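Notes follow the structure.
Worth knowing before you read on, the calculation uses all heavy atoms, side chains too, and leaves out hydrogens, waters and symmetry mates. Quick caveat: nothing in here was measured; it's all calculated off a predicted structure. When a ligand or atom number is given, it counts from 1 through the structure's own listing order.
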Amino acid sequence: MAERFGVRHASTGEIFRQAAADGSELGRTVKDYLDSGGLVPDELTSRVVEEMVVGRSDSYLLDGYPRTLRQAHDLDAMLGRRGQELDLVVCFELDDGQALRRLTGRLVCAECGENYHREFMPPQAEGVCDGCGGPLKVRSDSAEEVVRNRLAQYDEKTRPLVAYYEERGLIERVDASPAPQEVTRRTEALLSRIASR
Ligand code: AMP
């Protein structure tokens, strides 16, 4: 989707997973948080976003950031320093039961980061990415108890952001329960409105 709109896709989870796979200092610091489903500390996360995303590009789609009120304030501050503004916040809504089924069955391409699901979106050949032919891996945070922790973290720390952005008239909700193609179609329609402004 980012490609279609000519913006950069910036996923903090992907940045952290890549760092952990590379064994860099950042990766060693964040690995335990990733494996347990806990959140990486705000200060570190916001520093990474400012250094690797906001400070380097003008247009981006932030995926998985901000996840706490403190991060939302950090984002406001870093955008303010550059005279930039948020265009839109998209909130994907899904009940916990469905989220659990989706998150425990995930497969991700070790080469290009494409996502699959064992049951709902299997690759054409088992264990192989349809797009680039890379090997598919189970994410280290797919175990049920880790996913339950991720959902609890969301409730406690991320859900308050909905009201925060609602007050500023920035949020659009997308029902994430239909099939991926339909969720994509609805999300693209929202982003098209921004792109044509
Ligand atoms: P994701 O790929 O977005 O599901 O993120 C995977 C994991 O990376 C999360 O469970 C956290 O441990 C960490 N992470 C990603 N984004 C953030 C964030 N904005 N703040 C704190 N931790 C994060």
Location of contacts on R139 toward ligand 1, heavy atoms closer than 4.0 Å: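 It is the side chain that gets close, since no backbone atom is under 4.0 Å.
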
Those atoms of ligand 1 less than 4.0 Å from some heavy atom in [X]:
X   : result
T45 : 18 (C), 19 (N), 20 (N), 21 (C)
Y33 : 12 (O)
Y65 : 19 (N)

Do V7 and V53 share a hydrophobic cluster (ILVMFWY, side-chain heavy atoms under 4.5 Å, transitive)?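 Shared cluster, no.
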
Please determine if D76 and R168 form a salt bridge, counting it only when a charged side-chain N lies under 4.0 Å from a carboxylate O.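 Judged by the 4.0 Å cut-off on N to carboxylate O distance, D76 and R168 do form a salt bridge.
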
I'd like to know if E172 and R186 make a salt bridge, using a cut-off of under 4.0 Å between side-chain N and carboxylate O.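 Result for this pair is no, no salt bridge flagged.
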
At what distance is the nearest protein heavy atom to [atom], and which residue and atom is it?
atom                    : result
atom 20 (N) of ligand 1 : Q71 NE2, 2.8 Å
atom 11 (C) of ligand 1 : G38 O, 3.4 Å
atom 8 (O) of ligand 1  : L34 CD1, 3.6 Å
atom 16 (N) of ligand 1 : T12 OG1, 2.7 Å
atom 22 (N) of ligand 1 : V40 N, 3.0 Å

Which of these, L39, D141, V40, sits in a side chain to side chain contact (heavy atoms under 4.5 Å, CB included) with L34?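 Of the listed options, the one satisfying the test is V40.
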
Quick one: closest heavy-atom pair of R28 and G23, and the distance?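 The pair with the smallest heavy-atom distance is NH1-O, 2.8 Å.
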
Testing the basics here: between C129 and Y116, what is the closest heavy-atom pair and its distance to 0.1 Å?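 Nearest pair, atom of C129 first, then Y116: SG-OH, 3.3 Å.
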
Please evaluate residues M78 and S46 with respect to the criterion side chain to side chain contact (heavy atoms under 4.5 Å, CB included), reporting the C-alpha separation (whole Å), side-chain torsions for both, the decisive distance (0.1 Å), and the verdict. CA-CA 9 Å; M78 60 183 103; S46 292; 4.1 Å; yes

Between R150 and ligand 1, is there a nitrogen or oxygen pair with a distance under 3.5 Å?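 By distance alone, the answer is yes.
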
If I apply the N/O under 3.5 Å rule, does F16 come out as touching ligand 1?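 No; the residue has no nitrogen or oxygen that sits under 3.5 Å from a nitrogen or oxygen of the ligand.
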
Would you indicate which of R17, R67, R106 comes nearest to atom 17 (C) of ligand 1 when only heavy atoms are counted?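 Comparing heavy atoms across R17, R67, R106, the nearest one to atom 17 (C) of ligand 1 lies in R67.
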
If you count the non-hydrogen atoms of other residues, nucleotides and ligands that lie under 6.0 Å from CZ in R8, is the total more than 12?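 For R8, atom CZ is crowded (more than 12 foreign heavy atoms under 6.0 Å).
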
